Amino acid sequence: MNYNKKTVKDIDVKGKKVLLRCDFNVPQDKDTLAITDDKRIRAALPTIQYLLDQGAAVIACSHLGKPKNGPEDKFSLAPVAARLGELLGREVVMAKDVVGPDATAKASALQPGQILLLENTRFEKGETKNDPELAKAMASMAQVYVSDAFGAVHRAHASTAGVAAYLPAVSGFLIEKELEIMGGALANPKRPLVAILGGSKVSSKIGVINHLLDIADTIIIGGGMAYTFAKAQGGSVGTSLLESDWLDYCNDMIAKAKEKGVALLLPEDNLCAAEFSADAVPVLHSAMTIPDDMMGMDIGPKTIEAYAAAVKNAGTVIWNGPMGVFEFPSFAEGTRAVAKALAETDAITIIGGGDSAAAVAQLGFADKMTHISTGGGASLEFLEGKELPGVACLLDK
Ligand code: ADP
Ligand code: MG
């Protein structure tokens, strides 16, 4: 996959109408619809501001939630328009539809330096089907397409990929950064490349493990998935998270790592609990001999030491998946210690995955990382080495 894509800086937008796909899929209060976290709106500001400063007229669009049956008030982007207006300090015109009479009239009247927000793209059924008619209708309102919705690039929808068939298509600054740092680390990493993989299940990370095993020098396994590896190696894992269908796979991966000369590190010790609860008393056990009535909840101190040592001299570290149940303070130490080790290396450090990003932020290390990928599902598919339709559709540099 080619990550070297044209950006807003490579195209002239002065006096042009720019269709800008944003990721305004913000969390909202269920009753009042108030936006509970405007991080995604703030993240879009640099690209929007740049386009406006260049003299473009910006037609922004996004999906919000999962409306299934056309327009519904509770999925309206109106609260986003209000917040975006406050942040930009200028009026954001809100359209009542996506490609209907209101949107087309407002788009056609839009002047350079003005911004219009279309309604939720998923109010159009053709959006998720990547319907060419819808894509064409959206494209016909503008002369340039800019995508900055990294969180949606793994989807081939009309507004994330389809429109690029009808307009010159480039990335905004958010996608540019994702491609530069994460794409760079995958395509041409500064070595040694250390991949840290954790989270809950082996089965949800097969694609990531397969791909990183091909490119990494060291693979570190933690989190819930470690117990399926331990069991596969003949360990007893008590009541820990276990996926019995994936035992052979784990052994295959261990063999493949050996064959390729990739160091694959598994936990030596675990903090365990009698029950899955925040109040459970942590008890330390050796990773291969967890008692029948205990479950592994975090990596232990010996493991922490080994993992911290492994990232110390890395050139690049890619981390996906917490080392333990970090949501419970008694079992957050493994994740915290690994985050701290990343914060202290000179390596390029990249965090991918929704819960991993949340963990690093919650533990206070967010500003110590080189890059925290903003897309949950999209960053996982990126790590799997899959072609991302919302990236592939952009013009090559
Ligand atoms: P990401 O969203 O970053 O890809 P995942 O969704 O794979 O990460 O995993 C995150 C979840 O894994 C967290 O909610 C965490 O509590 C859970 N987890 C980590 N270690 C364990 C464990 N030992 N047992 C059960 N769940 C775990
Ligand atoms: Mg997750």
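Counting starts at 1 for both ligands and their atoms, following the listed order. What you are looking at is a predicted structure, and each value in this text was computed from that prediction instead of being measured.
Ring orientation note: the planes of Tyr3 and Phe382 are tilted relative to one another, at an angle of 30° to 60°.
By the 4.0 Å N-to-carboxylate-O rule, Asp23 lies close enough to Arg40 to be salt-bridged with it. A salt bridge is defined here as a Lys NZ or Arg NE, NH1 or NH2 lying under 4.0 Å from an Asp or Glu carboxylate O, and Asp252 with Lys256 fails to meet this definition.
Residues Glu119 and Ser76 have side chains in contact (heavy-atom distance under 4.5 Å, counting atoms from C-beta outward). Within the 4.5 Å cutoff, side-chain heavy atoms of Tyr307 are placed close to those of Pro267. Between His371 and Glu178, the closest side-chain pair of non-hydrogen atoms falls below 4.5 Å.
Hydrophobic clustering of Ile, Leu, Val, Met, Phe, Trp and Tyr side chains at less than 4.5 Å, counting indirect connections, keeps Val18 apart from Leu110. Hydrophobic clustering (ILVMFWY, side-chain heavy atoms < 4.5 Å, transitive): Leu51 and Leu117 are in one cluster.
Here's the thing with Gly224: one of its N/O atoms is less than 3.5 angstrom from an N/O atom of ligand 1. For ligand 1, the polar-atom distance check against Asp355 finds a nitrogen or oxygen pair separated by under 3.5 Å. Here's the thing with Gly296: one of its N/O atoms is less than 3.5 angstrom from an N/O atom of ligand 1. Annotation: Asp298 places no N or O atom under 3.5 Å from an N or O atom of ligand 1; distance criterion only.
A side chain to side chain donor-acceptor pair (under 3.5 Å) with His63 holds for exactly one of His157, Glu124, Arg21, Glu127; it is Arg21.
Under the 4.0 angstrom criterion for non-hydrogen atoms, Tyr227 is in contact with ligand 1. Residue Met295 places no heavy atom under 4.0 Å from ligand 1.
Proximity to Met297 (heavy-atom distance under 4.0 Å) selects the following atoms of ligand 1: 23 (N). Taking every heavy atom of Pro322 and a limit of under 4.0 angstrom, the matching atoms of ligand 1 come to 8 (O), 9 (O), 10 (C).
Regarding atom 16 (O) of ligand 1, its nearest protein heavy-atom neighbour is Glu327 OE1, 2.6 Å. Annotation: atom 26 (N) of ligand 1 to nearest protein heavy atom, Val325 CG2, 3.8 Å. Among all protein heavy atoms, the one lying closest to atom 11 (C) of ligand 1 is Ser200 N, 4.1 Å. Protein heavy atom closest to atom 7 (O) of ligand 1, with residue, atom name and distance, is Lys205 NZ, 2.6 Å. Of the protein's non-hydrogen atoms, Gly199 CA, 3.1 Å is the one closest to atom 9 (O) of ligand 1.
Side chains of Asn210 and Tyr249: a donor-acceptor N/O pair is present below 3.5 angstrom, by distance only.
Sorted by chain and number, the protein atoms of type N, O or S within less than 2.8 Å of the Mg ion (ligand 2) are Asp355 OD2.
Residue Asp73 holds its CG atom at 9.0 Å from CG of Leu33, rounded to the nearest 0.5 Å. From Ile318, atom CD1 reaches atom CD1 of Ile220 across 12.5 Å, with rounding to the nearest 0.5 Å. Between Leu212 atom CG and Asn320 atom CG the span is 8.5 Å, to the nearest 0.5 Å.
Comparing heavy-atom distances from atom 20 (N) of ligand 1 across Gly324, Gly376, Ser356, Gly352 singles out Gly324 as nearest.
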